[in-house]
Amino acid sequence: MSKNQEIADLFEEMADLLELTGANAFRVNATRKVARTLEELPSDVGDMENDPKQITAIDGIGAGSAKRIIEYLQDDQIADLEALRSEVPTGLIQVLGVPGLGPKTVATLWKEANVTGLESLRKAIDRGALESLPRMGKKTVDNIRQSLDFVAAASTRYRLDQAMQEAESIVASLSSTPGVNKITYAGSLRRGRDTVGDVDIIATTSKPDALAERFTSLPEIAKVQAKGSTKCSIRRTSGLQVDLRMFKNVGYGAALLHFTGSKEHNVVLRQRAIDRGQRLSEYGLFEENDGDEPRLLEAESEENIYAALGLPWIPPPLREDRGEFVDQLPTLIEIKDIRSDLHSHTTASDGKLSIEEMAKAAKKRGLKVLAITDHSRSSFQANGLDVDRLKAHIDAIHEVNDNIKGITLLAGSEVDIHAEGNLDYEDDILAQLDIVVASPHMPVKQEPAAATKRLIRAVSHPLVNILGHPTARLINRRAGLEPDMAAVVAAATDSNTALEINANPMRLDLRDTHARLAMEGGCMISINTDAHGADQFDLLRYGIMTAQRGWVTADRCINTWTTAKLKKWIAAGRTS
DNA sequence: GCCGTTTTCGGCCCGACTGTTTTCAGTCG
């Protein structure tokens, strides 16, 4: 298992503790950057123990951090971190996570009021120890108390689909407000991240006060946190925070660009502007003007701002500072490219509709191919099919296929991958299917090495066409398997097996970074909804967003292929 | 702490809101 995440967590902790000691902010930032760099590093820093040069060659990691990384690899601890831990109560890191409390305030709370964690903060508030501190009035203390309650109650990030539903409903409610010209959501939601911390809405309007009024009096608001003429902030009863930014009827592109982020992407863009004697903010791209007011170069469209910075327009899912600042970007896959869904369920196992009803629902959405892949026998909780039921089911699918026009049905199965990597049906049964999706279900907790072995064995099976939801994670509920994904990708590439991006927003598995690995490793991708009913076909959009974040192109996704090409690929995979 | 075809030292992105202030610090995104 890669050491990257483990060490990244330590650097993140180090950054928090440094901040609390009042360390130089740039040093804190540099430490956080090391953490982020490690998180996204495709190779394992654990393999570089004997080669410091290899570590310092990584952008953002210098000699100091390399030394600490090697120290951890050899001694299992970092002396500087241990020193910080003994200096600063580690419970203060949770206090830093309370909205409204930053490093300066937390340090004051610690030194002046003996706050060492969430519990002692609560007690300090209750005994009135905070009011006497500098810049600490009644209102501030009240806000801290409320934030504390919120932290105790809420999970920190919201699933993409949950945030999307709230955002789309808010945008729809506000778009008819008098004066509003353009309005949309931005932020990590627009970038299609699998979870979002809050929702950012951008609007241009000639009457900001009217819009602010409407926004802060929407239904389902738990608290209005800020209300100004350019910015408002609310917390919904769901716990989700929504920020509204209002702009005059100019500069929509600059605003959208700024608030779409990511922060890391924006930092690079701004630096690029500075290198050209320019300045980029949410109001536009400006040119220095000999001490006079800077001159506005461009603000209306994202395309023009990028162009002025010498870049092509960068699609929001790519805006993560993960290599997107290049002259030529790939053409990302879109919903309209998708012709088939190769993972779906019917009443034969745990779906809600019959074969024919699913086929009609898929056809109605413009799909040309639908694979019916009900659960295999070991998934008894999902009414998985034993061999006799499966044989009858194959016949039933073929019969519906013979009688329906405009869509091709494939008789498949979502076959459980057992703990050791063996499959839930014998080969002679699998050979009777038109397509095989093999997925890990139980167990979902396994040592990384065992999980890697399990998945490699499954993708290497000649009768397996697609590896379904490879890690079996459930967002905000369980972490799932942690295989060496690069090794799984390599095995899948060798055996011509596609890796699935399961579009169900509870899964989004492969996740974005894994999809990117798959693209770089050369294996095929399959984007499927895993639909258990008609409305779940509409979840495809989330799978597409994840695919775009993984730099997936249409030609590498088997669901974009013609029926003939798809069938040929399935057949070819089975001869090996 | 990291970085560098103008630099191995001196920089490191920008602006709004809140709550406390009488001119601004801290936080957030």
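To find a chain, count down the sequence lines: A is the first, B the second, and so on, and within it residues start at 1. Worth knowing before you read on, the calculation uses all heavy atoms, side chains too, and leaves out hydrogens, waters and symmetry mates. Here the structure is a predicted model, which means the values were calculated and not measured.
- At distances below 3.5 Å, at least one donor-acceptor pair connects side-chain atoms of Gln162(A) with backbone N or O atoms of Arg159(A).
- Counting any heavy atom pair closer than 4.0 Å across all strands shown, Lys67(A) reaches no nucleic acid atom.
- At a threshold of 4.0 angstrom between heavy atoms, the contacts of Leu18(A) with the nucleic acid are absent.
- The shortest distance between the side-chain N/O atoms of Thr140(A) and the OP1/OP2 oxygens of dT20(B) is below 4.0 Å.
- Relative to the side chain of Asp200(A), the nucleotides dG19(B), dC14(B), dG29(B) differ in distance, and dG29(B) lies closest.
- At distances below 3.5 Å, at least one donor-acceptor pair connects side-chain atoms of Glu324(A) with backbone N or O atoms of Arg322(A).
- Checking dT20(B), dG29(B), dG1(B) against the side-chain heavy atoms of Ala30(A) singles out dG1(B) as nearest.
- Rounded to whole Å, the separation between the C1' atoms of dG15(B) and dG10(B) comes to 25 Å.
- dC12(B) and dC17(B) have their P atoms separated by 25 Å, given to the nearest Å.
- Counting any heavy atom pair closer than 4.0 Å across all strands shown, Ser229(A) reaches sugar-phosphate atoms only and no base atom.
- Note on Arg279(A): a side-chain N or O is less than 4.0 Å away from OP1 or OP2 of dG15(B).
- Here the nucleotide nearest the side chain of Asn143(A), chosen from dC2(B), dT18(B), dC14(B), is dT18(B).
- With a glycosidic angle no further than 90° from 0, dT7(B) counts as syn.
- Here, dG1(B) and dT5(B) have their C1' atoms 24 Å apart, quoted to the whole Å.
- Nearest to the side chain of Lys139(A), among dC17(B), dT20(B), dG1(B), sits dT20(B).
- Annotation: dT27(B) and dT20(B) have their P atoms spaced 14 Å apart (nearest Å).
- Residues Arg473(A) and Asp194(A) are in side-chain contact: their nearest non-hydrogen atoms beyond the backbone lie under 4.5 Å apart.
- Residue contacts for Asp243(A): at a heavy-atom cut-off of 4.0 Å it reaches the sugar-phosphate backbone alone, with no base atom in range.
- Between the Ser262(A) side chain and the Arg319(A) main chain, a donor and an acceptor come within less than 3.5 Å of each other.
- Arg68(A) comes within 4.0 angstrom of the backbone, heavy atoms only, and of no base.
- When the nucleotides dC17(B), dC14(B), dG19(B) are ranked by their closest atom to the side chain of Ser281(A), dC14(B) comes out on top.
- Protein atom CD1 of Ile78(A) is 14 Å distant from nucleotide atom C1' of dG1(B), rounded to whole Å.
- Rounded to whole Å, the distance from CG on Leu256(A) to C1' on dG29(B) is 15 Å.
- Using a 4.0 Å heavy-atom cutoff across all strands shown, Tyr283(A) reaches sugar-phosphate atoms only and no base atom.
- Looking only at side-chain heavy atoms (C-beta outward), Glu334(A) and Asp337(A) come within less than 4.5 Å of each other.
- At the heavy-atom level, Ile61(A) lies under 4.0 Å from the strands shown only through sugar-phosphate atoms.
- Ser233(A) has no side-chain polar atom (N or O) that falls below the 4.0 Å cut-off from OP1 or OP2 of dC28(B).
- Taking atom P in both dC14(B) and dC9(B), one finds a spacing of 26 Å when rounded to whole Å.
- Rounded to whole Å, the distance from CZ on Phe11(A) to P on dG1(B) is 10 Å.
- Both distances falling under 3.5 Å, in either a Watson-Crick or a G-U wobble arrangement, place dG1(B) opposite dC12(B).
- A side-chain donor from one of Gln5(A) and Asp9(A) sits under 3.5 Å from a side-chain acceptor of the other.
- Contacts of Gly187(A) with the nucleic acid, taken as non-hydrogen atoms under 4.0 Å apart, are absent.
- Between Ile58(A) atom CD1 and dC3(B) atom P the separation is 11 Å, expressed in whole Å.
- Taking atom CE of residue Met136(A) and atom C1' of nucleotide dT18(B), one finds them 13 Å apart after rounding to whole Å.
- Rounded to whole Å, atom C1' of dT6(B) lies 13 Å from atom CG of Asp275(A).
- Here the side chain of Asp59(A) is nearest to one of dG15(B), dC3(B), dG1(B), namely dC3(B).
- When the C1' atom is compared between dT8(B) and dC3(B), the two are found 10 Å apart, to the nearest whole Å.
- Set against dG29(B), dC2(B), dG19(B), the side chain of Ser65(A) has dC2(B) as its closest nucleotide.
- Candidate nucleotides dC14(B), dC17(B), dG29(B) were compared by shortest atom distance to the side chain of Thr230(A), and dC17(B) ranks first.
- Atom pair Lys33(A):NZ and dG1(B):P shows a separation of 16 Å (rounding to whole Å applied).
- Positionally, the nearest nucleotide of DNA chain B for Val28(A) lies more toward the 5' end than for the other of Val28(A) and Glu282(A).
- Side-chain atoms of Tyr158(A) and Glu166(A) form no donor-acceptor pair, as typed in the model, at a separation below 3.5 Å.
- Residue contacts shown for Pro134(A) are absent, as no nucleic acid heavy atom lies under 4.0 Å away.
- Mapped onto DNA chain B by nearest heavy atom, Asn266(A) and Gly137(A) fall at different nucleotides, with Asn266(A) at the one closer to the 5' end.
- Residue Glu287(A) forms a salt bridge (charged side-chain N to carboxylate O under 4.0 Å, His left out) with just one option from Arg279(A), Arg276(A), Arg295(A), and that option is Arg295(A).
- In the set dC17(B), dG19(B), dG29(B), the nucleotide with an atom closest to the side chain of Gln241(A) is dG29(B).
- There is a side-chain donor-acceptor pair under 3.5 Å between Ser233(A) and Asp243(A).
- Computed from coordinates, the Ile144(A) CD1 to dG19(B) C1' distance equals 11 Å when rounded to whole Å.
- With dA25(B), dC17(B), dT27(B) as the choices, the nucleotide that has an atom nearest any side-chain atom of Arg135(A) turns out to be dA25(B).
- Spacing of C1' atoms, dT23(B) relative to dT18(B), comes out at 15 Å, to the nearest Å.
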